[in-house]
Every structure is written in structure tokens, then in C-alpha cells.
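Some notes on the structure that comes next.
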Amino acid sequence: MNRKYKKSKIEINKYTCSRLLSDHNNKALISTFSCSKNPSLAAHLKRKAWFEEQNNKRAHFLVKEDNKIVLYFSLQCGILVQAHKKILSGINHRETDTGTEYFIDDDIIDVTKTIPAIELSHFCVNDSYRNKKSEWVVYNGPFTYKVGEYCFYQYVAPIVIDIAEKVGVEILYLFCADEGSDKLLEYYSSLNFKIMDDMACVRSDYESNLSCLTQKICDLKKSTQEFMNEKKANDILTYLKTHKNISIQKIKKITELSNTYVLLNKLIKENLIEEDSERKHTYVLKQKSL
């Protein structure tokens, strides 16, 4: 007789993000990681990630709910180039017993421009976690996100932006392994990634047939700020659920934003709050059901 287990809800208040090597217990945790859509990503985490972390080849991060892995992602330094020709000078080839072998026959490869970048090498959800959840949506008041979208803006983007502000990075890029279905391509498009069409990148054999998607760091900052504003807007709504109204001064303290009108205009536009008819610069809930 098969037992049916009740699926639990996602608890984002328990979500944490940390480096793989930050806790030795993570070595046992990653052994249960699974991904049916792309088993190679799960295999990478289990077989290579620990070694790569130890040798600074990539930085791997685990997003966890309590002691369960939600997803993992990894980042590494990269570079993109712009060139007048698709085939860059300096690359040559020779025939061997095993086929064509490519090599660099000069220590200079001429390109028009080099572009500093960060590669999002892996971004993979854990099926073992997902299959135990009743739904795959994160609720933040009236704003909803898919779990991957929430984790991207909550954890991945802030790390990338912080690095970019310290060392200078123009582009975030990734290789999309959608196996021809276009579903993953559509997913990354929803995160504002676009197919690279005016640059070139260095590829391994694994990435040779994959689409390279890019996003400007300046655009990433804007979309991440929008996400953070929605989180702060929900703090205002949470306050109003237990209070009659909220003043501009109180909003500044709750959100720690100098430009509070960004949030106010968003909430008013969403038909969630309105200005108190009796007190100027004071706001009340418009929808009592919140």
C-alpha cells in the first residue's frame, strides 16, 4: 500500500543562502540533490562542486529551507569579446588521429573589444525539495514570484551587483541548456536575459551548442531594485493590516528609503492604498481584504 504524504508549503522566512564549504554537513546534503530535467547539473554538484570550491575554480552557493536544499547556483569570472569577424585570429587547427584539434598558434588573439563579465555557471532547482511542496509560488503580500525568480533576485543578483560595484563588470551571462524545448529560454527571458548577438564568448565542449544569454549589469540593478521595492511595499501593507494608517515619516523608518514616493506610487497604482481623506501625507488600506 502506497502512503500519500501531505505536501508542505514553502516558507521563505526560513530561506538562507551560503557558500557550499561554509558548512561541512553540506557534503552529505548535496548527495540527495536531484534534477530530472538536467541530470548533469545534479551530477556536477555531487561530483565536482566541492573540489571546485576548494580550488577557487567556481563559487557554489546553496539556498536552503532549514536543512533542505532548495536550489544551487554557481558563479565564476568570465570575459566576452566583440570582433569584426566571427572567426578570431590566432586560432588554428590541425588534424590528429582523433579528429580536428584547435589550438592557439599565437599568444595574441585580436579582438575589437574585451568586456568584463560574470558567468552564472549553474542555476538548478532540487527536485527532492520541489516534489514535497504543494505549490511552486512565493507569496510576498500581493506580489507573487516563482521560486527560481525569487531566489535569483533575492540571492544571485545582489552578489553579482556587489562584485560589479567593487571590480567593474558590465555583463552577466549564462549558457542555456534547454535541449531544444525553448522553455528554459523563455524562463531566462522572463529574468531579462537576451540571446547574445553582438559579442562572442569562450566556450567549452559542453557549451558549444548552447545559446549564450546576456544581461547588462545596469539593467540587472534596475530589475533587482524593483524586486526589492516590492518587498518593502509589502512591509507597508503588513503594517497597515494592524494599524489604521501610516505616515510618510513611518514609511521612511520601515523601508529605510529616502525616496518613499517610489513605493507609494506603486501601491496607489496597484489600487492597494490611498491617501487619508482627513490627514495629508498619511495613507490607509484601500482593499480591506488584504
Side-chain angles (χ1 to χ4, degrees), residues 19-21 30-31 33-61 72-124 156 160 163-164 167-189 191 193-217:
R19 287 286 291 270
L20 177 62
L21 292 187
I30 61 176
S31 65
F33 192 97
S34 63
C35 178
S36 59
K37 291 183 179 179
N38 198 329
S40 64
L41 294 182
H44 176 89
L45 179 63
K46 295 175 182 178
R47 299 171 188 172
K48 297 181 179 180
W50 200 270
F51 171 81
E52 288 184 342
E53 275 271 296
Q54 289 177 321
N55 291 276
N56 289 325
K57 293 191 68 175
R58 283 191 183 94
H60 294 79
F61 298 82
Y72 89 93
F73 65 91
S74 63
L75 299 168
Q76 65 179 14
C77 292
I79 192 167
L80 303 176
V81 299
Q82 287 181 331
H84 292 303
K85 299 178 181 179
K86 284 289 184 180
I87 299 175
L88 306 178
S89 62
I91 304 295
N92 209 332
H93 68 279
R94 55 184 166 230
E95 298 301 322
T96 66
D97 293 338
T98 57
T100 303
E101 179 181 88
Y102 293 88
F103 64 96
I104 298 175
D105 64 354
D106 197 341
D107 62 357
I108 296 176
I109 300 177
D110 295 322
V111 298
T112 306
K113 180 184 177 182
T114 58
I115 303 162
I118 293 176
E119 180 186 349
L120 178 57
S121 307
H122 305 93
F123 187 64
C124 185
V156 181
V160 171
I163 294 171
V167 302
V169 176
E170 289 184 44
I171 299 289
L172 173 65
Y173 71 101
L174 58 85
F175 294 99
C176 181
D178 65 357
E179 299 180 348
S181 67
D182 287 339
K183 289 184 178 179
L184 192 56
L185 184 60
E186 291 175 4
Y187 175 74
Y188 283 123
S189 295
L191 297 178
F193 283 92
K194 298 177 181 178
I195 293 178
M196 181 180 66
D197 58 3
D198 61 344
M199 293 176 283
C201 57
V202 177
R203 297 170 179 262
S204 66
D205 289 340
Y206 170 76
E207 298 151 344
S208 60
N209 295 318
L210 304 181
S211 297
C212 183
L213 308 182
T214 65
Q215 180 169 177
K216 293 180 179 179
I217 298 298

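What you see is a predicted model; the values in this text were computed from it and never measured.
- Closest non-hydrogen pair, Ala42 versus Cys35, comes out as CB-N, 3.9 Å.
- Annotation: the span from Leu185 atom CG to Ile195 atom CD1 amounts to 5.0 Å, rounded to 0.5 Å.
- Residues satisfying the salt bridge (charged side-chain N to carboxylate O under 4.0 Å, His left out) test with Arg19, not counting sequence neighbours, are Glu53.
- In this structure the side chain of Cys176 never reaches within 4.5 angstrom of the side chain of Phe193, judged on heavy atoms.
- Screening Ile171, Val81, Thr214, Ile79 for a side-chain contact (heavy atoms from CB on, under 4.5 Å) with Ile115, the sole residue that qualifies is Ile171.
- Shown here are the side chain to side chain donor-acceptor pair (under 3.5 Å) partners of Thr114, two or more places apart in sequence or in another chain: there are none.
- For Ser31, there are no side chain to side chain donor-acceptor pair (under 3.5 Å) partners at least two apart in sequence or on another chain.
- Between atom NZ of residue Lys37 and atom NZ of residue Lys183 there is a gap of 6.5 Å, rounded to the nearest 0.5 Å.
- Note: Leu75 CG to Leu172 CG = 7.5 Å, rounded to the nearest 0.5 Å.
- Between Tyr188 and Phe123, the ring planes lie tilted relative to each other; the angle falls in the 30° to 60° range.
- Taking a 6.0 Å sphere around CG of Leu21, one finds it holds more than 12 heavy atoms contributed by other residues, nucleotides or ligands.
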- Message: Please determine whether side-chain contact (heavy atoms from CB on, under 4.5 Å) holds for the pair Arg203 and Phe175, giving the CA-CA distance in whole Å, both sets of side-chain angles, and the decisive distance to 0.1 Å.
- Response: CA-CA 9 Å; Arg203 297 170 179 262; Phe175 294 99; 3.6 Å; yes

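- When side chains are defined from C-beta on, Leu20 counts as touching Ile30, because their heavy atoms get closer than 4.5 Å.
- Shown here for Leu80 and Met199, the closest heavy-atom pair between the two residues is CD1-SD, 3.9 Å.
- A donor atom on one side chain and an acceptor atom on the other are found under 3.5 Å apart for Arg58 and Ser121.
- In this view, Phe33 and Tyr72 satisfy the ring pair (Phe, Tyr, Trp, His ring centres under 6.0 Å) rule, not counting sequence neighbours.
- In this structure, Tyr173 and Cys212 approach most closely via the heavy-atom pair CD1-SG, 3.9 Å.
- Not counting sequence neighbours, Glu170 has no partner by the salt bridge (charged side-chain N to carboxylate O under 4.0 Å, His left out) test.
- Shown here are the ring pair (Phe, Tyr, Trp, His ring centres under 6.0 Å) partners of Phe73, two or more places apart in sequence or in another chain: Phe61.
- Inter-residue side-chain proximity for Val169 and Val160 is flagged as unmet; no heavy-atom pair is nearer than 4.5 Å.
- Across every non-hydrogen atom of Leu191 and Gln215, the tightest pair is O-NE2, 3.0 Å.
- Looking at His44, Lys57, Gln76 one by one, the single match for side-chain hydrogen bond (donor to acceptor under 3.5 Å, both in side chains) with Glu52 turns out to be His44.
- Between the NZ atom in Lys46 and the OG atom in Ser34 there is a gap of 6.5 Å [rounded to 0.5 Å].
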